[in-house]
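Data block below; observations after.
Scope of the values below: all heavy atoms of this structure, side chains included, with no hydrogens, waters or symmetry mates. As the structure lists them, so they are numbered: ligands from 1, and atoms in each ligand from 1.
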Amino acid sequence: MDVLTVKDLSVSFYRESGEIEAVKHVSFSLRAGEILVIMGDTGCGKSVLCKSILKLLPDIAKIKTGQIFLQGKEITHYTEKEMQKLRGTVFSMVFQNPMTALNPCMSVGAQIAEAVRLRNPELSRRERQDRVINLLELVGIDHPGERAGQYPFQLSGGMAQRCVIAIALAADPAVLFADEPTTSLDVGVQSQVLELLLELRKKLGMAVIFITHNPEVAAQMADRAALMRDGELYRIGDAEEIFGKTIPNNCGRID
Ligand SMILES: Nc1ncnc2c1ncn2[C@@H]1O[C@H](COP(=O)(O)OP(=O)(O)O)[C@@H](O)[C@H]1O
Ligand SMILES: [Mg+2]
């Protein structure tokens with residue numbers, strides 16, 4: 001079954017200087033439990049595509065054409081209130097820079113607890129705390145009890161991104177949007193976080209839209225891959241078909 005279907009989606013920014021067509025007639029489906037990589041050069045429209053599905057675009061951007069279906073139900077015209085409900089329950093997000101995603105004034109445990117409370121308001125304080133510890137363990141953080149009391153500035157970039165992933169998982173999402181989630185991390189840490197995402201997908205069975213400009217990362221992560229250029233999604237297919245057998249050469253790179 002498809003969890004998410006996007007049909008003929010076009011998104012433009014309207015500035016004084018004129019219209020900028022950022023996403024042009026994009027169509028694709030996301031299957032339950034799969035990792036769909038969206039790949040393309042910087043500026044080709046990957047983030048705008050993802051944000052338009054989540055309705056996180058600034059006011060100057062408008063959806064011009066198209067429809068978005070979540071689990072068969074159309075959500076194209078959902079209000080901000082309806083979208084808020086989806087973000088944090090069905091949809092979750094992990095973006096490039098964990099330090100801007102985290103609140104510097106709250107311990108990471110409190111931030112994860114808040115995400116748990118939004119998803120499961122019925123839980124007691126005690127149950128919520130247990131869930132926070134579980135989530136920290138799930139994302140591979142040692143001494144989770146101690147870590148929960150720490151603030152973002154006390155964490156390395158990799159640790160911080162693991163905490164952001166824990167917050168995203170608190171939602172128990174059907175679809176996780178990961179927009180260049182390792183681009184700001186050191187190479188060694190980057191591969192650990194990618195491994196973690198692969199492992200979590202297997203364990204939790206969520207579908208992932210994984211955005212990257214890096215063909216090697218794309219080849220490592222993809223079940224299927226969609227290639228974008230200049231706002232258009234011009235090719236989509238199984239990873240083997242797109243990247244070839246010898247990863248990461250012959251990977252449909254966009255120049
Ligand atoms: N705030 C904005 N105002 C005007 N144009 C924008 C804005 N954000 C993005 N764009 C346009 O959308 C295009 C795609 O941006 P984006 O989706 O962020 O690229 P990427 O593929 O690197 O994620 C950009 O090249 C730019 O033309
Ligand atoms: Mg981007």
When you check the space around the Mg ion (ligand 2), which protein N, O or S atoms turn up under 2.8 Å?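 Less than 2.8 Å away from the Mg ion (ligand 2) sit Ser47 OG.
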Modelled atom types, side-chain donor and acceptor of [X] and [Y], under 3.5 Å:
X	Y	value
Ser47	Asp179	yes
Gln84	Glu80	yes
His213	Asp41	no
Thr76	Gln67	no
Arg126	Gln129	no

Yes or no on salt bridge (Lys or Arg N to Asp or Glu O under 4.0 Å) for Glu199 and Lys203, after CA distance, side-chain angles and deciding distance? CA-CA 6 Å; Glu199 187 190 312; Lys203 229 182 238 175; 3.7 Å; yes
For [atom], find the nearest protein heavy atom and state the residue, atom name and distance (0.1 Å precision).
atom	result
atom 12 (O) of ligand 1	Ala22 CB, 3.3 Å
atom 18 (O) of ligand 1	Ser47 CB, 3.7 Å
atom 8 (N) of ligand 1	Phe13 CZ, 3.4 Å
atom 13 (C) of ligand 1	Gly43 O, 3.6 Å
atom 3 (N) of ligand 1	Arg15 NH2, 2.8 Å

Check: Gln161 and Val164 side chains under 4.5 Å, non-hydrogen atoms: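 Val164 reaches Gln161 side chain to side chain.
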Would you check if Thr5 and Phe28 make a side-chain contact, meaning some heavy-atom pair closer than 4.5 Å?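 The answer is no, as the side chains (C-beta and beyond) never meet within the 4.5 Å cut-off.
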Ligand 1 N/O within reach of Pro58 N/O, cut-off under 3.5 Å: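 Looking only at distances, the answer is no, because the N/O contact criterion of under 3.5 Å is not met.
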Which atoms of ligand 1 are found less than 4.0 Å from any heavy atom of Thr42?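 Atoms satisfying the 4.0 Å criterion: 22 (O).
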By number and element, which atoms of ligand 1 are closer than 4.0 Å to a non-hydrogen atom of Ile20?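 So the answer, numbered in order with elements, is 4 (C), 5 (N), 27 (O).
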Ligand 1 versus Met228, non-hydrogen atoms closer than 4.0 Å: side chain, backbone, both, neither?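 Contact part for Met228 vs ligand 1: neither.
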Under 4.0 Å, heavy atoms only, figure out whether ligand 1 is touched by the backbone of Val48, its side chain, both or neither.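 It is both backbone and side chain that touch ligand 1.
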Take atom NZ in Lys55; do more than 12 heavy atoms of anything else shown fall under 6.0 Å from it?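 Yes - once you tally the heavy atoms of other residues, nucleotides and ligands closer than 6.0 Å, there are more than 12.
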For Glu122, does the CD atom have more than 12 heavy-atom neighbours from other residues, nucleotides or ligands under 6.0 Å away?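 Yes, because the 6.0 Å sphere around CD of Glu122 holds more than 12 heavy atoms from other groups.
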Hey, is Glu232 close enough to Arg229 for a salt bridge, meaning N to O under 4.0 Å?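 Here Glu232 does not pair with Arg229 in a salt bridge, since their nearest N and O are not under 4.0 Å apart.
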Strictly under 4.0 Å, does any heavy atom of Cys44 approach an atom of ligand 1?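 Cys44 counts as a contact of ligand 1 under the 4.0 Å cut-off.
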